[in-house]
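Along the sequence shown, residues carry numbers from 1.
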Amino acid sequence: MPDNIDNLLTETRRFAPSDEFAAGAVATDALYREASDDRLAFWAARSRELLTWQKPFTEVLDWSNPPFAKWFADGRLNVAYNCLDRHVEEGNGDRVAIHWEGEPGDSRTITYAELTADVKRAANALLSLGVKPGDRVVIYLPLVPEAVVSMLAVARIGAVHSVVFGGFSAESIRARVDDAGAKVVITADGGWRKGAVSALKPAVDEALETATHGETTVEKVIVVKRGGNDVAWDDSRDVWWDDLMEGADDEHVAEAFEAEHPLFILYTSGTTGKPKGILHTSGGYLTGAAYSHRNVFDLHPETDVYWSTADIGWITGHTYVVYGPLANGATQVIYEGTPDSPEPGRWWDVIEKYGVTLFYAAPTAIRGFMKAGRQIPAARDLSSLRLLGSVGEPINPEAWIWYRDVIGGGATPVVDTWWQTETGSIMISALPGVTTLKPGSAQVPLPGIAIDVVDDRGEPVGNGEGGLLVITEPWPSMLRGIWGDPDRYRETYWEKFADKGYYFAGDGARKDEDGDIWLLGRVDDVMNVSGHRLSTAEIESALVSHPIVAEAAVVGAADETTGQAVVAFVILRTSQADSMTPEEAVAALRNHVGHEIGAIAKPKTVLIVAELPKTRSGKIMRRLLRDVAEGREIGDTTTLADTSVMQVIHAQVG
Ligand code: WT7
């Protein structure tokens, strides 16, 4: 089957839920039965049970004009009311909503009653600036409570937020502000990251000066005080957050909007081309967020302390910092800074300080901590943890095991959650009280979600085979389009399998002998070696299972005899690799991959490097490594977290 992706790696470790965990679990296997009996009735029931609808819906899904879906279309609700007021009305106003921890060590504790009052004030402030339902507000803030308040205040008045990650440049802000036609920007006079205060407002000033269409659409810039930087000030445009809030009433009655009212636009940075403004709407999105958050993380809102380390600039920060946890009335930790500031154990200190029970992070961070050594987390009390989650890229089995053993005390379930900015919420994940876990596999679609792995013609592959990951039925939190570009929406996601009506995710995957799903990386990255389709993820996983390897990235480079050849870039663990010469290390790694996967996957070249090129959200940019491997000039590096990395790699490998 030349269309399929070959798969050769095997992993045999299994972890069944403990009896104790299963007995107290939120999600049971009844969910799978209910969803397979009647998928739409299942979603209607979840939405009614998890959300408060001001006007109940009677329609569940309108799919009469694919790929443009409407969910719960005749219902009305207010998203912010669902995240705030109703918890206060139900008597939970004193529950902590946010334990906020600033990077320099300051902290704030905010209850649901306080957060509700703040959001009402901010909503009134935005109204006083003339923000109307449907208007776009760009949020460019550090991870401070005001960021959450801003998002919810925008949602509360039916405006549309577009959060731009605080590490992005003036150029990125400009592109997003212009594409969205934003009326207001909310920023700060700085934020803490890596022990220093970044400047945020100057980037906004620059972005607004150089608007694409001559004149910017932005009328007001609201500035939160956080970093204490001196800022340039335009009296006709700029206004301090504190001044606005001081004058604003803390009474505001939330108006209900239609279920399909736009909630936010989030631009995916993508690797090339113009960023795509992914559009999410209200009722379906919030249903997906609340449902997945409660069931995947086994949330018991009365007792759990949940922490997702994501920034609000990413979809994880939208769905699993703001909307999911707050809709569910959870208590959560929000931490402003980087994992290792001011010192390498900071995350683990935060877990100990707040007694975090549910923890959600990215494999790239986990591997970073593996490299730094287990003595750092071992010096903290992490015994409060009872569940760990992973998101963003495949978590290789070695990192999975380390995460469970070292962070989870050898006892916690680890849920590997696959989803995308476009899917809005988790699509593939184990249910921690039900599923027997397999390290390295995201495993099974959530109840209510329909996923398959297919060949190029859209036919399902068999167990033990690889192919393309598709979503075969619409789901409530699906993107509703690309802002201002319906054609691009159709082409990007729906054209490949138009005859079947499948959403194509762009990822390769395989089904194992049990039918469980293993993600293999972006299809654009798949290599073709002597007619075999090999996944980057599998070879990388094999490499990092060798004790001398801390991180690995694999690309295919043009090769005269084999079509493409496997080229591996590896970062060594200095402590383990010291006794070897570089030649010995390379030989050991080639043999190891040959042993783990097969001779076909042995890298032709192994390049030892000090760093790998990553986006701000931690994804390896293999496109740039392909440029190096094929001896080309290196392409656009503007979306790299650290743009100097490619120069270093280039100098190292010549
Ligand atoms: C892409 C989506 C989902 C929130 C963060 C990233 C990759 C994501 C996994 C996982 C393997 C994963 C996919 C996907 N990805 N989670 N658990 N296992 N790959 O959101 O920036 O929209 O990226 O991230 O390639 O398509 P995003």
Side-chain angles (χ1 to χ4, degrees), residues 39-83 131-137 151-163 179-181 254-267 276-292 315 318-319 322-324 327 419-425 427 448-449 471 473-490 492-494 501 503:
R39 195 174 57 89
L40 295 182
F42 171 84
W43 280 118
R46 297 293 79 71
S47 189
R48 292 186 179 115
E49 142 199 310
L50 291 163
L51 306 184
T52 303
W53 289 84
Q54 215 139 312
K55 174 173 180 280
F57 59 86
T58 60
E59 299 163 22
V60 183
L61 169 65
D62 176 354
W63 192 231
S64 58
N65 180 29
F68 299 94
K70 291 182 181 159
W71 282 88
F72 316 122
D74 63 341
R76 294 175 77 90
L77 81 172
N78 185 287
V79 169
Y81 173 87
N82 271 277
C83 293
V131 180
K132 304 219 156 40
D135 284 348
R136 276 80 60 207
V137 175
M151 290 166 76
L152 291 168
V154 169
R156 190 174 183 93
I157 62 172
V160 181
H161 58 70
S162 183
V163 180
D179 188 75
E255 180 192 337
F257 294 94
E258 288 180 359
E260 285 297 339
H261 190 80
L263 179 63
F264 65 84
I265 305 166
L266 184 60
Y267 287 85
K276 300 187 286 260
I278 304 302
L279 175 69
H280 283 286
T281 60
S282 303
Y285 170 78
L286 199 62
T287 301
Y291 160 74
S292 54
I315 189 68
H318 285 57
T319 308
V322 178
Y323 293 109
W419 58 296
Q420 306 176 298
T421 305
E422 292 86 344
T423 69
S425 61
M427 298 279 106
I449 299 298
I471 307 176
E473 300 285 352
W475 64 104
S477 67
M478 64 196 283
L479 77 166
R480 298 306 197 264
I482 295 176
W483 184 254
D485 203 344
D487 293 337
R488 191 175 180 197
Y489 168 59
R490 199 183 276 112
T492 311
Y493 305 107
W494 302 91
Y503 169 92

K.L.:
Could you walk me through whether E422 and K276 pass the side chain to side chain contact (heavy atoms under 4.5 Å, CB included) test, one step at a time?
P.N.:
CA-CA 10 Å; E422 292 86 344; K276 300 187 286 260; 4.2 Å; yes
K.L.:
Determine, stepwise, if the pair Y493 / Q420 fulfils side-chain hydrogen bond (donor to acceptor under 3.5 Å, both in side chains).
P.N.:
CA-CA 12 Å; Y493 305 107; Q420 306 176 298; over 6 Å; no
K.L.:
Roughly how far apart are T492 OG1 and D487 CG, rounded to 0.5 Å?
P.N.:
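Nearest 0.5 Å value for the OG1-CG distance: 10.0 Å.
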K.L.:
Nearest 0.5 angstrom please: M478 CE to H280 NE2, how far?
P.N.:
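The distance works out to 10.0 Å.
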K.L.:
Determine the minimum heavy-atom distance between S477 and T423, stating which atoms define it.
P.N.:
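Looking at all heavy atoms of both residues, the shortest contact is OG-O, 2.7 Å.
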K.L.:
Please walk me through it: do W53 and S47 pass side-chain hydrogen bond (donor to acceptor under 3.5 Å, both in side chains)?
P.N.:
CA-CA 9 Å; W53 289 84; S47 189; 3.2 Å; yes
K.L.:
Taking all non-hydrogen atoms of both residues into account, name the closest pair between Y267 and A180 and its distance.
P.N.:
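Closest heavy-atom pair between Y267 and A180: OH-N, 3.3 Å.
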K.L.:
Using modelled atom types only, decide if a donor and an acceptor are shared between the side chain of R48 and the backbone of R46 within a distance under 3.5 Å.
P.N.:
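No, R48 side chain to R46 backbone: no donor-acceptor pair under 3.5 Å.
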K.L.:
Considering non-hydrogen atoms only, spot the tightest contact between C83 and A327 and give its length.
P.N.:
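Shortest heavy-atom separation between C83 and A327 comes out as SG-N, 3.8 Å.
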K.L.:
Please enumerate all residues that pass side-chain contact (heavy atoms from CB on, under 4.5 Å) together with N65, with sequence neighbours excluded.
P.N.:
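Partners of N65 under the side-chain contact (heavy atoms from CB on, under 4.5 Å) test: F68.
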K.L.:
Is there a donor-acceptor contact under 3.5 Å from the side chain of R76 to the main chain of A256?
P.N.:
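Pair found, side chain donor or acceptor close to backbone of A256.
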K.L.:
With side chains defined as the heavy atoms from C-beta onward, is the minimum distance between T319 and W419 less than 4.5 Å?
P.N.:
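Result yes, sub-4.5 Å side-chain heavy-atom pair found.
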K.L.:
Do N82 and Y323 come close enough that some side-chain heavy atom pair is under 4.5 Å?
P.N.:
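Side chain of N82 against side chain of Y323, heavy atoms only: no contact under 4.5 Å found.
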K.L.:
At what distance, to the nearest 0.5 angstrom, does CG of L61 lie from CG of L40?
P.N.:
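So the gap between those two atoms works out to 5.5 Å.
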K.L.:
Looking at D74 and E59, would you say the former's side chain and the latter's main chain have a donor-acceptor pair under 3.5 Å?
P.N.:
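Yes; at least one donor-acceptor contact below 3.5 Å.
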K.L.:
Parallel, tilted or perpendicular: which fits the ring planes of W494 and Y489, with parallel below 30° and perpendicular above 60°?
P.N.:
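Ring orientation of W494 relative to Y489: perpendicular.
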K.L.:
Check whether the ring centres of Y291 and W43 lie less than 6.0 Å apart, and answer yes or no.
P.N.:
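When the ring centroids of Y291 and W43 are compared, they turn out to be within the sub-6.0 Å range.
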K.L.:
How long is the gap from CD on E473 to CH2 on W63, to the nearest 0.5 Å?
P.N.:
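One gets 9.0 Å once the value is rounded to the nearest 0.5 Å.
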K.L.:
With side chains defined as the heavy atoms from C-beta onward, is the minimum distance between P67 and Y503 less than 4.5 Å?
P.N.:
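Side-chain contact under 4.5 Å: no.
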K.L.:
Taking the side chain as every heavy atom from C-beta outward, state whether N78 and F257 have any atom pair closer than 4.5 Å.
P.N.:
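The answer is yes, as the side chains (C-beta and beyond) meet within the 4.5 Å cut-off.
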K.L.:
Decide yes or no for W71 and T287: does some side-chain heavy atom of the first lie under 4.5 Å from some side-chain heavy atom of the second?
P.N.:
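No, too far: nothing below the 4.5 Å cut-off.
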K.L.:
Which residue is it: E260, E258, H261? I am looking for the one with a side-chain hydrogen bond (donor to acceptor under 3.5 Å, both in side chains) to T281.
P.N.:
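Among E260, E258, H261, the one meeting side-chain hydrogen bond (donor to acceptor under 3.5 Å, both in side chains) with T281 is E260.
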K.L.:
Using the side chain to side chain contact (heavy atoms under 4.5 Å, CB included) definition, which of the options I278, L279, I315, V154 pairs with F264?
P.N.:
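Among I278, L279, I315, V154, the one meeting side chain to side chain contact (heavy atoms under 4.5 Å, CB included) with F264 is I315.
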K.L.:
For L51 versus G283, what's the shortest heavy-atom pair and its separation?
P.N.:
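Smallest heavy-atom distance, with atoms named: CD1-O, 3.8 Å.
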K.L.:
Taking all heavy atoms of L263 and all of S282, pick out the closest pair and write down the distance.
P.N.:
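In terms of heavy atoms, the two residues are closest at CB-OG, 4.1 Å.
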K.L.:
State the CG-CH2 distance between D179 and W483, to the nearest 0.5 angstrom.
P.N.:
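If I round to the nearest 0.5 Å, the distance is 9.0 Å.
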K.L.:
Where do L50 and A290 come nearest, in terms of heavy atoms and distance?
P.N.:
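Heavy-atom minimum between the residues: CD1-C, 4.1 Å.
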K.L.:
Measuring from I471:CD1 to I449:CD1, what's the distance to the nearest 0.5 Å?
P.N.:
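Answer for the CD1-CD1 pair, I471 versus I449, is 7.0 Å.
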